[in-house]
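Residues take their numbers from the sequence shown, with the count starting at 1.
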Amino acid sequence: MTTDIIALRTALLAQITAAETLDALEAARVAALGKKGRLTDIMKTLGGLEPEARRQLGQDVNVLKDELIALLDAREATMQDQALNARLATETIDITLPVRPRPQGSLHPISQTMDELLSIFADMGFSLVDGPDIEDDFHNFTALNFPPGHPAREMHDTFYLQDAQGQVDKSLLLRTHTSTVQVRTMISQKPPLRVVCQGRTYRSDYDMTHTPMFHQMEGMYIDKDVTMSQLKTCLMDFVRIYFNMPDLEVRFRPSFFPFTEPSAEMDVRCSRKDGKLVLGTGDDWLEVLGCGMIHPNVLKNCGIDPDAYRGFAFGMGIERFTMLKYGIPDLRTFFESDLRWLRHYGFSALDRPTRTSRIGL
């Protein structure tokens with residue numbers, strides 16, 4: 001190497017060796033090998049030299065270039081190792097700490113369904129009302145047009161309370177339906193009324209499709225010009241939104257309830273092929289709820305003029321709608337408190353209920 005190349009080598013090697021950070025190392029690389037670097041400037045002078053001198057200088061520059069690149073790579077690897085070691089020294093995890101437990105709680109399917117149902121009807125303009133679980137005969141039966149001697153009043157269907165002497169007191173009972181809340185609302189508030197109620201109800205029955213305690217949701221709309229067509233539209237929109245089936249086919253069959261006239265049961269199209277229930281298709285029907293126009297006697301019993309106001313009402317079992325939407329086969333499992341069942345069917349507290357745009361009646 002010539003004296004100039006040796007001096008340049010010493011200066012560039014010293015600059016690279018003195019670099020303490022990756023940024024400083026990159027600056028040394030650019031100063032030596034960049035487009036405006038020291039070696040690049042020397043290479044530009046080769047064209048004006050004699051052939052022998054050009055050959056010798058070119059060889060010296062290439063040797064120096066390879067030496068600089070090797071030193072730069074080695075210094076960069078060293079600095080990266082040092083940076084990694086510094087991160088490992090500061091970003092530590094105490095492995096002696098106990099593991100972070102997974103969330104144990106979940107929302108029961110009944111609670112999730114109640115939120116979904118309420119969300120849908122709230123968007124239709126219904127408000128939520130509530131009432132007591134322990135009722136009297138008037139609110140549970142008489143006001144709802146149940147005649148004396150009606151089978152629903154018998155002890156095989158109704159839980160009556162006991163008096164102080166331990167005798168059955170048929171004036172107090174556990175409500176058999178949430179219609180009692182509708183009665184209390186009609187008595188305490190003036191029309192127009194558009195309300196829904198949710199809650200526990202009690203009947204003396206227990207098998208795969210019945211439990212002594214279950215949940216109901218009922219709705220009621222009272223105004224001066226309420227019609228059966230409004231009831232049908234409301235319920236058709238509801239089931240199609242709840243099951244997320246915009247084309248779900250429904251039908252209304254004549255039925256009988258003491259508190260509505262005319263009365264109907266609502267069915268949805270389904271298939272039972274190969275023993276599997278599938279909604280929205282097939283050649284069969286499944287009953288999902290009861291409904292009808294509020295009986296004039298009920299309005300009269302609650303202090304509302306049946307000549308001035310009309311209304312419709314509907315009621316449904318919340319467990320039934322939960323089973324249909326989420327494929328739960330046995331009603332009794334809702335109340336067995338099996339953690340495996342709850343983990344499988346439970347919902348996160350952040351799961352949002354079904355939403356829909358507001359629907360006017």
Side-chain angles (χ1 to χ4, degrees), residues 105-124 126-135 139-141 144 152 157-161 173-185 195-220 234-235 238-239 241-243 257 259-260 265-266 268 277 279 286-292 313-339 341-342 344-349 351-354:
S106 61
L107 201 61
H108 196 280
I110 291 295
S111 298
Q112 175 70 13
T113 300
M114 293 175 73
D115 288 345
E116 292 181 4
L117 298 178
L118 181 59
S119 175
I120 294 172
F121 284 106
D123 281 343
M124 294 184 183
F126 288 82
S127 58
L128 181 66
V129 291
D130 199 7
D133 286 19
I134 297 177
E135 274 293 0
H139 291 91
N140 198 87
F141 292 125
L144 292 166
D157 198 40
T158 303
F159 289 106
Y160 288 100
L161 303 186
L173 51 95
L174 296 178
R175 65 184 182 189
T176 60
H177 43 209
T178 48
S179 302
T180 58
V181 183
Q182 296 181 2
V183 172
R184 290 181 175 274
T185 302
V195 298
V196 291
C197 49
Q198 297 177 330
R200 299 181 181 91
T201 54
Y202 309 85
R203 295 180 190 176
S204 183
D205 206 352
Y206 186 67
D207 57 35
M208 188 173 180
T209 57
H210 299 86
T211 54
M213 186 278 290
F214 56 100
H215 298 79
Q216 277 190 344
M217 177 172 183
E218 300 195 25
M220 173 182 69
C234 172
L235 295 181
F238 155 64
V239 294
I241 294 167
Y242 177 76
F243 292 114
F257 305 110
F259 35 84
T260 53
E265 290 184 338
M266 182 180 180
V268 296
L277 178 66
L279 298 184
L286 176 70
E287 182 267 325
V288 292
L289 58 83
C291 59
F314 55 86
M316 64 197 74
I318 293 178
E319 281 83 354
R320 183 174 183 79
F321 274 80
T322 307
M323 295 168 72
L324 290 175
K325 185 168 184 176
Y326 298 111
I328 302 174
D330 192 331
L331 177 64
R332 293 169 292 189
T333 56
F334 282 103
F335 310 106
E336 291 176 351
S337 300
D338 188 327
L339 286 178
W341 185 92
L342 291 172
H344 179 74
Y345 287 109
F347 290 84
S348 165
D351 288 336
R352 301 183 66 83
T354 301

Given side chains that start at C-beta, do those of [X] and [Y] come closer than 4.5 Å, heavy atoms only?
X	Y	answer
Leu118	Met114	no
Tyr345	Thr322	no
Cys234	Phe121	yes
Leu279	Phe243	yes
Val239	Met266	yes
Met213	Phe334	no
Thr113	His215	no
Gln198	Ile110	no

Could you grab the distance from atom [atom1] of [X] to atom [atom2] of [Y], nearest 0.5 Å is fine?
X	Y	atom1	atom2	result
Leu173	Asn140	CG	CG	4.5 Å
Ile241	Leu117	CD1	CG	11.5 Å
Ile318	Arg200	CD1	CZ	10.5 Å
Leu107	Gln112	CG	CD	5.5 Å
Arg175	His139	CZ	NE2	12.5 Å
Glu135	Leu161	CD	CG	11.0 Å

Looking only at non-hydrogen atoms, find the nearest pair between [X] and [Y] and report the distance.
X	Y	result
Leu289	Gly315	CB-O, 3.3 Å
Ser179	Glu218	OG-OE1, 2.5 Å
Phe314	Cys291	CB-CB, 3.8 Å
Gly327	Pro329	O-CD, 3.5 Å
Thr176	Phe141	OG1-CE2, 4.2 Å

Main-chain N/O of [Y] paired with [X] side-chain donor or acceptor, under 3.5 Å:
X	Y	answer
Ser119	Asp115	no
Gln216	His177	no
Gln182	Arg184	no
Thr201	Phe214	yes
Glu319	Leu331	no

**OP:** Check side-chain contact (heavy atoms from CB on, under 4.5 Å) between Thr333 and all other residues, then give those that pass, not counting sequence neighbours.
**Re:**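 If we apply the side-chain contact (heavy atoms from CB on, under 4.5 Å) test to Thr333, skipping adjacent residues, the hits are Ile328, Asp330, Glu336, Trp341.
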
Subject >> side-chain contact (heavy atoms from CB on, under 4.5 Å) evaluation trace for Phe321 with Glu116 >> reply: CA-CA 11 Å; Phe321 274 80; Glu116 292 181 4; over 6 Å; no

Original post:
For Ile134, does the CD1 atom have more than 12 heavy-atom neighbours from other residues, nucleotides or ligands under 6.0 Å away?
Top reply: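 No, not enclosed.
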
**OP:** Test side-chain contact (heavy atoms from CB on, under 4.5 Å) on Phe335 and His108 and set out the steps.
**Re:** CA-CA 10 Å; Phe335 310 106; His108 196 280; 5.9 Å; no

Original post:
Taking the six-membered ring where the residue is Trp, are the ring centres of Phe238 and Phe126 under 6.0 Å apart?
Top reply: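 No: the rings miss the under 6.0 Å criterion.
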
**OP:** For side-chain contact (heavy atoms from CB on, under 4.5 Å), just list the numbers for Val181 and Val195, CA-CA rounded to whole Å, side-chain angles, deciding distance to a tenth of an Å, and then say yes or no.
**Re:** CA-CA 10 Å; Val181 183; Val195 298; over 6 Å; no

